[in-house]
Amino acid sequence: MKYTFGTSEAAAGRLEEIARFFNPHSSLFIRQHVKRPVGSVIDLGCGPGFSTDMLSAAMDCPNVHGLDSSAEFIEMAANRFSCCTFVEHDVTRSPFPVQAEVIYCRFLLSHLTDAVQLMNRWTANLPIGGRLGVEELEDIDTDVRVFRKYLAINDALIASQSASLYVGGILGSGVYSANVLYNECVSIQVANCQAATWFLPNTVTVWEKEPHVLENTTRAERERVSAELLRIKESGDSRMGNVWKMRRLVLERR
């Protein structure tokens, strides 16, 4: 599998910023839907380990594994989070190299094809009664023009790779082989300066390497987007000009 936004140190720093914001929301979601003690958890597409560490703390679980196809991310995660075990593995391939009672992923399926079918295959890795928890983006409602432009470019980039930035909408109407215990879209407000901090790195790294972006935008256009995102980031604009709509699902293996 390919992670659209890269596996460099810069990409890891961006993911750390995102995790710092979303981890408290995700921790609450997990605790609400996995209330019994479990002995093992898998974090799919763990990246540099920030979501894996969140799972370890939220569930107080002694056996937490992070799986990712990026050797760079796995090394970063292992060096930083000694409480978890990290394994290089393509999460689109089953069976997994480890077993668990709970499987989780966040911001992963937007980079993969056949998202619903993948979720069905993932639940097959669970024991009877085991649970899969998923959090994926369904939409971003924003009144900030440069954010809409940035998102449109990324939406087209991911679509060119046969995936969907807003995969949450697809997941919400999916047909699953497991029991659907929870299927809701929740809204999370994000400050303008925070969103700009997350968006800016991709405009100066990923966008300058991806053929689809280079072929469908001009250098001047990319530079305008980057400059405006930098301005918003540095301004400390705390207005809540963005609503991230997150699709959350919990499946239980029959």
Side-chain angles (χ1 to χ4, degrees), residues 3-29 45 47-51 54 73 76 106-111 135-161 163-169 185-248:
Y3 180 56
T4 308
F5 302 126
T7 58
S8 63
E9 289 285 353
R14 175 178 175 273
L15 291 174
E16 183 173 12
E17 288 283 347
I18 292 172
R20 187 177 293 116
F21 179 89
F22 281 101
N23 274 359
H25 296 279
S26 298
S27 179
L28 180 59
F29 165 61
F50 302 111
S51 52
M54 177 275 296
F73 274 168
M76 291 178 202
R106 180 181 70 195
F107 298 138
L108 170 65
L109 286 160
S110 58
H111 303 283
E135 295 185 279
E136 294 290 348
L137 187 63
E138 184 156 323
D139 193 15
I140 297 178
D141 184 9
T142 179
D143 57 4
V144 180
R145 180 177 299 179
V146 70
F147 291 166
R148 293 199 299 268
K149 180 65 174 178
Y150 168 87
L151 292 167
I153 293 172
N154 277 352
D155 189 18
L157 168 60
I158 291 175
S160 74
Q161 300 170 353
S164 173
L165 176 62
Y166 303 114
V167 71
C185 185
V186 301
S187 295
I188 300 174
Q189 287 190 311
V190 177
N192 289 345
C193 59
Q194 181 70 82
T197 298
W198 299 339
F199 295 164
L200 177 62
N202 288 334
T203 68
V204 295
T205 55
V206 177
W207 283 12
E208 294 306 313
K209 298 177 182 177
E210 280 289 346
H212 177 85
V213 176
L214 297 174
E215 292 167 7
N216 290 278
T217 63
T218 65
R219 176 173 296 278
E221 186 177 17
R222 298 193 301 274
E223 289 177 348
R224 282 196 299 270
V225 171
S226 183
E228 181 61 11
L229 290 175
L230 178 61
R231 185 195 66 77
I232 294 173
K233 173 186 175 181
E234 294 183 340
S235 73
D237 185 350
S238 61
R239 289 175 293 176
M240 296 294 181
N242 311 267
V243 178
W244 288 51
K245 297 181 180 179
M246 299 291 294
R247 175 63 57 173
R248 290 174 167 172

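Both backbone and side-chain heavy atoms feed into the values below; hydrogens, waters and symmetry mates do not. Quick caveat, the model's predicted, so the values are computed rather than measured.
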[X] (side chain) donor-acceptor with [Y] (main chain) under 3.5 angstrom:
X      : Y      : result
Ser27  : Asn23  : no
Ser110 : Tyr166 : no
Glu136 : Leu109 : yes
Ser235 : Ile232 : yes

Practice item. For the pair Glu228 and Arg224, find out whether any cationic side-chain nitrogen is under 4.0 Å from an anionic carboxylate oxygen. Key: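 So Glu228 does not pair with Arg224 through a salt bridge.
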
Point to revise | Ionic contact status for Glu17 with Arg14, cut-off 4.0 Å | key: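 Salt bridge between Arg14 and Glu17, a charged N being under 4.0 Å from a carboxylate O: no.
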
Name all residues meeting the side chain to side chain donor-acceptor pair (under 3.5 Å) criterion together with [X]; count only those two or more places apart in sequence or in a different chain, and write none if there are none.
X      : answer
Arg148 : none
Gln194 : none
Glu223 : none

Indicate yes or no: at least one non-hydrogen side-chain atom of [X] is less than 4.5 angstrom from one of [Y].
X      : Y      : result
Leu151 : Asn154 : no
Asn192 : Phe147 : yes
Trp198 : Val190 : yes
Arg222 : Leu214 : yes
Leu229 : Lys233 : no
Phe22  : Ile188 : yes

Once you round to the nearest 0.5 Å, how far does [atom1] of [X] lie from [atom2] of [Y]?
X      : Y      : atom1 : atom2 : result
Leu200 : Leu230 : CG    : CG    : 5.5 Å
Ser160 : Asp155 : OG    : CG    : 10.0 Å
Met246 : Leu137 : CE    : CG    : 6.0 Å
Asp143 : Arg239 : CG    : CZ    : 8.0 Å
Lys209 : Asn202 : NZ    : CG    : 11.0 Å
Ser226 : Arg219 : OG    : CZ    : 11.5 Å

Exercise for review: Take Leu15 and Phe107 through the side-chain contact (heavy atoms from CB on, under 4.5 Å) test and state the conclusion after the steps.
Suggested key: CA-CA 10 Å; Leu15 291 174; Phe107 298 138; over 6 Å; no

[X] and [Y]: which non-hydrogen atoms are nearest, and at how many Å?
X      : Y      : answer
Phe50  : Ala12  : CE1-O, 3.7 Å
Leu157 : Glu210 : CD1-OE1, 3.7 Å
Asn242 : Ala195 : ND2-CB, 3.9 Å
Ala19  : Pro24  : O-CD, 4.3 Å
Pro201 : Thr205 : O-OG1, 2.7 Å
Ala191 : Ser238 : CB-O, 3.9 Å

Practice item. Report the C-alpha distance between Arg247 and Glu138 in whole Å, list the side-chain angles of each, state the deciding distance to 0.1 Å, and finish with yes or no for salt bridge (Lys or Arg N to Asp or Glu O under 4.0 Å). Key: CA-CA 6 Å; Arg247 175 63 57 173; Glu138 184 156 323; 2.7 Å; yes

Review point. Is the Trp207 to Tyr150 ring centre distance short of 6.0 Å?
Key: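 Yes; Tyr150 has its ring centre under 6.0 Å from that of Trp207.
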
Check your understanding: Do the ring centers of Trp244 and Phe21 come within less than 6.0 Å of each other?
Key ->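 No - the distance between ring centres of Trp244 and Phe21 does not fall below the 6.0 Å cut-off.
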
With sequence neighbours excluded, residues passing salt bridge (charged side-chain N to carboxylate O under 4.0 Å, His left out) with [X]:
X      : value
Lys149 : Glu221
Arg248 : Glu135
Asp139 : none

Review point. Given the rule in the side-chain hydrogen bond (donor to acceptor under 3.5 Å, both in side chains) test, do Arg106 and Ser51 qualify, once you have shown the distances and angles that lead to the verdict?
Key: CA-CA 8 Å; Arg106 180 181 70 195; Ser51 52; 4.8 Å; no

Point to revise | Audit row: Val144, Asp237, side-chain contact (heavy atoms from CB on, under 4.5 Å) steps and yes/no | key: CA-CA 12 Å; Val144 180; Asp237 185 350; over 6 Å; no

